[in-house]
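What follows is a set of notes on a single structure, which appears directly below.
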Amino acid sequence: MEGQTFVVGQEFPDVKAFRNAIKEAAIAQHFELRIIKSDLIRYFAKCATDGCPWRIRAVKLPNAPTFTIRSLEGTHTCGRNAHNGHHQASVDWIVSFIEERLRDNINYKPKDILHDIHKQYGITIPYKQAWRAKERGLAAIYGSSEEGYCLLPSYCEQIKKTNPGSIAEVFTTGVDHRFQRLFVSFYASICGFLNGCLPIIGLGGIQLKSKYLGTLLSATSFDADGGLFPLAFGVVDVETDESWMWFLSELHKALEMNTENMPELTFLSDGHKGIADAVRRKFPNSLHAFCMRHLSESIGKEFKNSRLVHLLWNAAYATTMFGFKEKMAEIEEVSPEAAKWLQQFHPSLWALVYFEGTRYGHLSSNIEEFNTWILEARELPIIQVIATIHIRLMAEFEERRFKSNSWFSVLAPSAEKHILEAIGHASTYQVLRSDQVEFEVLSADRSDIVNIGTRCCSCRDWQLYGIPCSHAVAAFISCRKDVYAFTEKCFTVASYREAYAEQIYPIPGKVEWRKADEACVDDDTRVVRPPKFRRPPGRPEKKRICVEDLNREKHTVHCSRCNQTGHYKTTCKAETCKAEIMDSIEQF
C-alpha cells in the first residue's frame, strides 16, 4: 500500500472497502487522517497535519452499494512522519492484519505482531494493543471463552452420540451452574488400554491459559511399541487434592464398566500428595511410583549438578541391590547434601530394583509428550482444547493401525530389537542345565542362574522389563524352546493391533450440534457458565509451579537476642518492650 495512489472516479465495492483502503494507505504512507464526515453515503477527510492541503471526498452511487472518489485535492507536504504510532492502527485493523497468521499459528505472540507490523508499515504500536488484538482475533476465529463453556454439554452429547460407549461428562457447581469439572474418555481408548497396552498409567496436569484458566488432567499409558497411548483426560477449575480424587474416581468407573477383572496397575506421577492418596483409595490393589523425569529435574534444580542427575538415573536403572548401593555411594561422595535430600523419597518409589511390581522398564511417564499435543491450544476456549485432542487421537489411531499392518514379526519393533540383541549376546554364553527349568549361564565375566519356570534370572532384567534377557535366551536356545512364548503378551504385535482396533469417529461441525443446544435453550440446567475465577491482569508466568516447591518446608529464622524463632535480631520485639518499660519507669 506504500505506493497506493487514489484517482478521481476510482470505485470500491462498498463503503467498508473504501474505508479499509484509505486506512491502509494512511498507515502505509505515514500520514494521519482527520475525518470530517463519514456515513453510509459519503466520506470526507483531510490530512491531520496543519497546513497540509491533501483532501479526499467520496460518495455512494445511486441504486448501488458502490463507492466512488469524487474529488482529490493537493499533495502531502506534511513530511509523513507518523512513525511512532498511528491513530488508524486500531485493534480492529490489527485483527484484520493478523487473522490469517493466527489461523496458521495459534502461538503467534504479541511481540511477533509488533515486529511484523513495524517491518511492513514502519510504525510502532503498544504491546497491550497487540495483545488485545490477538485475544479478539482468537475469539473471532475460534469463538469466545464464554461460548466454549456454554456449548460444552452439547459437545459432550456429540462425543457420546458419534462414539458410543465413550464417557463425556460436565460437572457444575452452584445455582448458576458454574463450570467445575469435565471428564472425557473415548471408548476406543478404554478398550485399547484394557486389551493391548502395558498396565501402566501416567498421571499429570498442565495449566491452561485461556481467559478462565483451569488445569488439564490426563491419564496416559504405553502401547506395545512404547508409544504414547492417551487413556482419559479432564479439565478442572482448580487443581487440588479433591480434584485428583474426583479424576481417579471417574477413571475407575470408566475402566470398571468395560472389564470384569480390573488389572493390577502401576501409576506413575510427579509425587503430588493428592495423586498418591487418590490412587491409594480408588485403586487399592495397584502400585504407585514416582516419575523419574520429575525427580531428576528436581535434584538438578536443587543442586545444579548434572553429574548428580546422571548418577541418579544410573541408580534408578540398577538391576541389583549392590549396583544401586554403589551408585548411591557415588552420589554421597559427590554431594552429601544431595544424598540426604534423596532420603525423603523411599527407593521403592523410584528405583527399579526396589519396586514391588513391574514397570516394564518405564521409569518415567509420557505425560509431557501428551501435553505437547495441546501446547499451542492452551490459550483457546475449553471446547477447542478438547477438539484438538480429539482430532489428534483420530489421526494417531488411524496412522498406527495402518502402520502395524506392515509388521510381520511376533513382537512390536522395539521389543523385537531387544530380543534380537539378546540372541546376539546369547551366542557367546555357555549353558549348564541343572534340571527341567533351571540353568546356569556362564559369560566371560559372570555367572547367572535362569529359571524358566518362574521366569526369572539372577541378573533381574527379565523380571524388571518383562522381556527375556540374554541369559534366559541362551537357556531357551539350549533346550530348544520358543523365546517369544516367554515374552509378556503386552509386547506382541497382536496386542499393538488390539490397542488401536477400535476407531475414533469424527464429530460434526459446530453448526450441527449448536442446533441441539438452541433446542434446549429453555432448559437452564444445560447452560454452563464459566468459573468465577479469571486470569489475573499482566503477563502470565511461563513456568508451571513445581508441586515439590509448594510442599517444601519453609526455612525457619532464629533470633540471636531472645533465642525465639519467627524473627531476626533486628526485628526483635523483646528489646523494644524492655525499652518501653524502662521509659515508663523513668516517667513514673
Side-chain angles (χ1 to χ4, degrees), residues 196-200 222-227 266 292 310-311 313-327 351-364 403-404 406-499:
C197 288
L198 275 62
I200 297 176
F222 298 89
D223 61 27
D225 200 35
T266 294
M292 264 302 296
H310 179 71
L311 289 172
W313 277 99
N314 288 342
Y317 270 114
T319 54
T320 63
M321 292 184 183
F322 176 78
F324 174 81
K325 291 176 181 177
E326 192 177 52
K327 295 302 175 186
L352 269 180
V353 70
Y354 285 101
F355 190 65
E356 295 177 6
T358 304
R359 293 173 69 164
Y360 301 96
H362 291 288
L363 294 185
S364 300
K403 180 175 68 174
S404 67
S406 62
W407 295 349
F408 300 103
S409 58
V410 177
L411 303 181
S414 58
E416 184 71 22
K417 181 182 177 182
H418 187 100
I419 285 291
L420 292 176
E421 289 175 354
I423 291 173
H425 292 303
S427 62
T428 63
Y429 299 159
Q430 180 185 355
V431 181
L432 304 176
R433 187 165 189 170
S434 176
D435 54 32
Q436 290 296 317
V437 294
E438 195 166 277
F439 301 80
E440 183 180 3
V441 180
L442 304 174
S443 59
D445 56 348
R446 57 184 291 169
S447 169
D448 289 280
I449 305 299
V450 175
N451 190 311
I452 62 175
T454 57
R455 299 195 176 198
C456 64
C457 175
S458 58
C459 77
R460 300 206 66 203
D461 273 19
W462 191 2
Q463 301 94 295
L464 297 176
Y465 290 89
I467 301 175
C469 60
S470 58
H471 311 112
V473 170
F476 294 139
I477 293 173
S478 71
C479 63
R480 298 182 181 179
K481 288 189 180 292
D482 184 12
V483 174
Y484 296 104
F486 290 85
T487 304
E488 292 290 338
K489 180 178 177 293
C490 57
F491 289 110
T492 63
V493 170
S495 290
Y496 187 93
R497 289 172 180 161
E498 280 285 331

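Owing to the predicted nature of the structure, the values given are computational and were not obtained by experimental measurement. Counting from 1, the numbers follow the sequence of the chain as shown.
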Margin query: Determine whether Leu352 and Tyr317 satisfy the following criterion, side chain to side chain contact (heavy atoms under 4.5 Å, CB included), listing intermediate values before the conclusion.
Written below: CA-CA 6 Å; Leu352 269 180; Tyr317 270 114; 4.0 Å; yes
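- Separation of atoms NE2 (His418) and CG (Asp461) is listed at 6.5 Å; rounding is to 0.5 Å.
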Notebook entry, point to check: Could you walk me through whether Val493 and Ser409 pass the side chain to side chain contact (heavy atoms under 4.5 Å, CB included) check?
Noted result: CA-CA 7 Å; Val493 170; Ser409 58; 4.0 Å; yes
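- In this structure the side chain of Thr358 never reaches within 4.5 angstrom of the side chain of Thr266, judged on heavy atoms.
- With rounding to the nearest 0.5 Å, the separation of CD1 in Ile419 from SG in Cys469 is 9.5 Å.
- The minimum heavy-atom distance linking Val431 with Ala474 is given by the pair CG2-O, 3.6 Å.
- Counting all heavy atoms, side chain and backbone alike, Ala224 lies closest to Ser414 at O-OG, 4.1 Å.
- To the nearest 0.5 Å, atom CE of residue Met292 and atom CH2 of residue Trp313 are 4.5 Å apart.
- Asp225 places no side-chain N or O within donor-acceptor distance of the main-chain N or O of Gly227, the cut-off being under 3.5 Å.
- With rounding to the nearest 0.5 Å, the separation of CD in Glu440 from OH in Tyr429 is 14.0 Å.
- For the pair Arg359 (side chain) and Gly361 (backbone), a donor-acceptor distance under 3.5 Å is absent.
- For Ser458 (side chain) and Asp448 (main-chain N/O), no donor-acceptor pair under 3.5 Å exists by modelled atom type.
- Between Ser404 and Arg497 the shortest heavy-atom distance is O-NH2, 2.6 Å.
- Atom OH of Tyr354 is separated from atom CZ of Phe324 by 5.5 Å, given to the nearest 0.5 angstrom.
- In this structure, Ile467 CD1 and Tyr360 OH are separated by 10.5 Å, a value rounded to the nearest 0.5 Å.
- When all heavy atoms of Arg455 and Gln463 are compared, the pair lying nearest together is O-CG, 4.0 Å.
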Checklist line | Candidate pair Cys459 and His471, rule side chain to side chain contact (heavy atoms under 4.5 Å, CB included), full reasoning | finding: CA-CA 8 Å; Cys459 77; His471 311 112; 3.5 Å; yes
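- At a threshold of 4.5 Å between non-hydrogen side-chain atoms, the residues Glu416 and Tyr484 count as touching.
- Between His425 and Ser470, the shortest heavy-atom distance links the atoms CB-CB, 3.8 Å.
- Contact detail for Thr320 and Val353: the closest heavy-atom pair is C-CG2, 3.6 Å.
- Ring-plane geometry between Phe476 and Phe486 is classed as parallel, the angle between the planes falling under 30 degrees on a 0 to 90 degree scale with a further cut at 60.
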